[in-house]
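To start, the structure itself, in structure tokens.
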Amino acid sequence: MFQRRLIVFIAFLLLGLGILIARLAWLQLAASGDYRKLIRIRQQRQPEWLDNTVRGTIYDCRGQALARDEPSYDLYLHYHLTRLYDPGFREEEENRYLRQQRGKDRMDARLYLETRYDPQQQQADQLVEELANRIGIPAVTLRESIRQINDKIFLLRLSIARRNYCRQTNQPFIPALGREAMLREFAAVEPDESIRNQWIQDTNLREMQQFHKVLGALSEDRALAVEDMLAGTFETNRTAAQPSIPMKSYVAIRVGKTRKYPYDQSACHLIGHLGSVPDELIQAEETES
């Protein structure tokens, strides 16, 4: 009886050990790629800084404010809107379509992209023009800010894709600064441009699902004008038969804080006041000299 119980107990132990080994093997062999991808995405996240730091107001001895916090109204656009102005976005979507749709050619891909993204592009153009009018700046200035956002995200994707490629292919990784230098170093380790582009296109960042600051320090009136436009309460030149722009969901006005120095550099770091030097200190200094 005792030996039978011992055999059953050992069998349970072996069964549990077998389950653990099978689980570890599954994690290492089957799911390792997904977990490595998740780790890379987490490592790509930028550090989160404390935005609501309380600095307070600095006064001088007469109660005049030398430094204070004031609200800042900033215009943010989502990457799903800014990417429409990236020349490489259509090419990336075309290559992705051809990889997913076997048997399709370039003409099919371009027809698909025109059907899907041309209406979005038209809506985005109208929205950018309207935003520029509300803010009081040329539309070309707003498009330049959008271009800078797209370039920043592409540069980040290029840097991470090149690092991941060198790591997985055991190629030497040479640090480089700037777009042209990174592209040159990437081409040195992988001559095939299509492979390089696929690595870049397969690099997804958290920034590609976020809003990005386009313009800062808007006046309160300009910010309210944009808010009214987004709410649909502002009069527009469009007829009632025209549909509202769904791209509005990719626009946001965010309120932050900015540091203001009423006396500019002359008193921005001054706390208190400077008084005259007492006569006895002056006489003592002269006697010592």
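Positions are given from 1 along the sequence.
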Could you pull out the closest heavy-atom pair between Pro172 and Cys166, with the gap in Å?
-> O-SG, 3.8 Å

Would Val214 and Tyr76 satisfy side-chain contact (heavy atoms from CB on, under 4.5 Å), going step by step from the backbone distance to the final call?
-> CA-CA 5 Å; Val214 178; Tyr76 281 75; over 6 Å; no

Rounded to the nearest 0.5 Å, what separation is found between the CG atom of Asp125 and the CD atom of Gln120?
-> 12.0 Å

For the residue pair Gln210 and Tyr79, confirm or rule out a side-chain donor-acceptor distance under 3.5 Å.
-> no

Side chain Ser159, main chain Leu155, donor-acceptor under 3.5 Å | no

Any ion pair linking Arg99 and Asp202 (charged N to carboxylate O, less than 4.0 Å)?
-> yes

Looking only at heavy atoms, which two atoms of Pro262 and Ala65 are closest? And how far apart?
-> CG-O, 3.5 Å

Side chains of Arg167 and Asn164: does their closest heavy-atom pair fall under 4.5 Å?
-> yes

Would you give the length of the straight line joining atom CG of Leu14 to atom CD1 of Ile10, rounded to the nearest 0.5 angstrom?
-> 7.0 Å

Just wondering, do Thr57 and Asp69 contact through their side chains at under 4.5 Å, heavy atoms?
-> no

Does the pair Tyr112 and Met107 meet the rule for a side-chain contact (heavy atoms from CB on, under 4.5 Å), with working shown?
-> CA-CA 9 Å; Tyr112 165 77; Met107 293 299 297; over 6 Å; no

Side-chain heavy atoms under 4.5 angstrom apart, residues restricted to Ile, Leu, Val, Met, Phe, Trp, Tyr: same cluster for Leu98 and Trp199?
-> no

Carboxylate-amine/guanidinium proximity below 4.0 Å for Glu94 and Arg96 | no

Test item: Tyr97 and Lys104 side chains (from C-beta on) under 4.5 Å apart, heavy atoms = yes

CD of Gln198 to CD1 of Ile200: how many Å apart, nearest 0.5 Å?
-> 11.0 Å

Between Val189 and Tyr165, which heavy-atom pair has the shortest distance, and what is it?
-> O-OH, 3.8 Å

Determine the interplanar angle of the His78 and Tyr250 rings, folded into 0 to 90°, and report it as parallel if under 30°, tilted if 30 to 60°, perpendicular if over 60°.
-> tilted

Measure the shortest side-chain to side-chain distance between Ile153 and His212 over non-hydrogen atoms and say whether it is less than 4.5 angstrom.
-> yes

Is the shortest distance from a Lys or Arg side-chain nitrogen in Glu92 or Arg157 to a carboxylate oxygen in the other one below 4.0 Å?
-> yes

For Leu177, does the CG atom have more than 12 heavy-atom neighbours from other residues, nucleotides or ligands under 6.0 Å away?
-> no

So, does Arg143 use its side chain to make a donor-acceptor pair with the main chain of Val128 at under 3.5 Å?
-> no

Measuring from Arg106:CZ to Asn95:CG, what's the distance to the nearest 0.5 Å?
-> 5.0 Å

Can you check whether Leu215 reaches Ile137 side chain to side chain, under 4.5 Å on heavy atoms?
-> yes

Do we see a donor-acceptor contact under 3.5 Å between the side chains of Tyr73 and Asp221?
-> no

Under a 4.5 Å side-chain heavy-atom rule over Ile, Leu, Val, Met, Phe, Trp and Tyr, are Phe154 and Ile160 clustered together?
-> no

Could you tell me the separation between the CG atom of Leu75 and the CZ atom of Phe211, rounded to the nearest 0.5 Å?
-> 10.0 Å

Same cluster or not: are Met208 and Leu158 linked, directly or through other Ile, Leu, Val, Met, Phe, Trp or Tyr residues, by side-chain heavy atoms under 4.5 angstrom apart?
-> no

Within-4.5 Å side-chain heavy-atom neighbours: Met229 and Leu127 = yes

Would you call Leu84 and Phe89 a side-chain contact if the rule is heavy atoms closer than 4.5 Å?
-> yes

Could I get the full list of salt bridge (Lys or Arg N to Asp or Glu O under 4.0 Å) partners for Lys213, not counting sequence neighbours?
-> Asp74

With distance as the sole test, does Arg83 use its side chain to make a donor-acceptor pair with the main-chain N or O of Asn150 at under 3.5 Å?
-> no

In terms of side-chain heavy atoms, does Asn133 have a donor or acceptor partner in Glu129 at a distance below 3.5 Å?
-> no

Min side-chain heavy-atom separation Val255-Ser72 under 4.5 Å = no

How far apart are the C-alpha atoms of Arg222 and Val226, what are their side-chain angles, what is the distance that settles it, and do they pass the side-chain contact (heavy atoms from CB on, under 4.5 Å) test?
-> CA-CA 6 Å; Arg222 300 293 187 185; Val226 175; 5.7 Å; no

Passes salt bridge (charged side-chain N to carboxylate O under 4.0 Å, His left out), Arg68 versus Glu70? Steps please.
-> CA-CA 7 Å; Arg68 63 173 180 264; Glu70 292 185 356; 2.9 Å; yes

What side-chain donor-acceptor pairs closer than 3.5 Å can you find for residues 179-186, not counting sequence neighbours?
none

For His80 and Gln209, what are the C-alpha separation, side-chain angles and deciding distance, and is it a side-chain contact (heavy atoms from CB on, under 4.5 Å)?
-> CA-CA 7 Å; His80 285 179; Gln209 305 296 329; 3.5 Å; yes

Note: Asp192-Arg196 ion pair, threshold 4.0 Å (strictly below) = no

From CZ (Arg163) to CZ (Phe173), nearest 0.5 Å = 4.5 Å

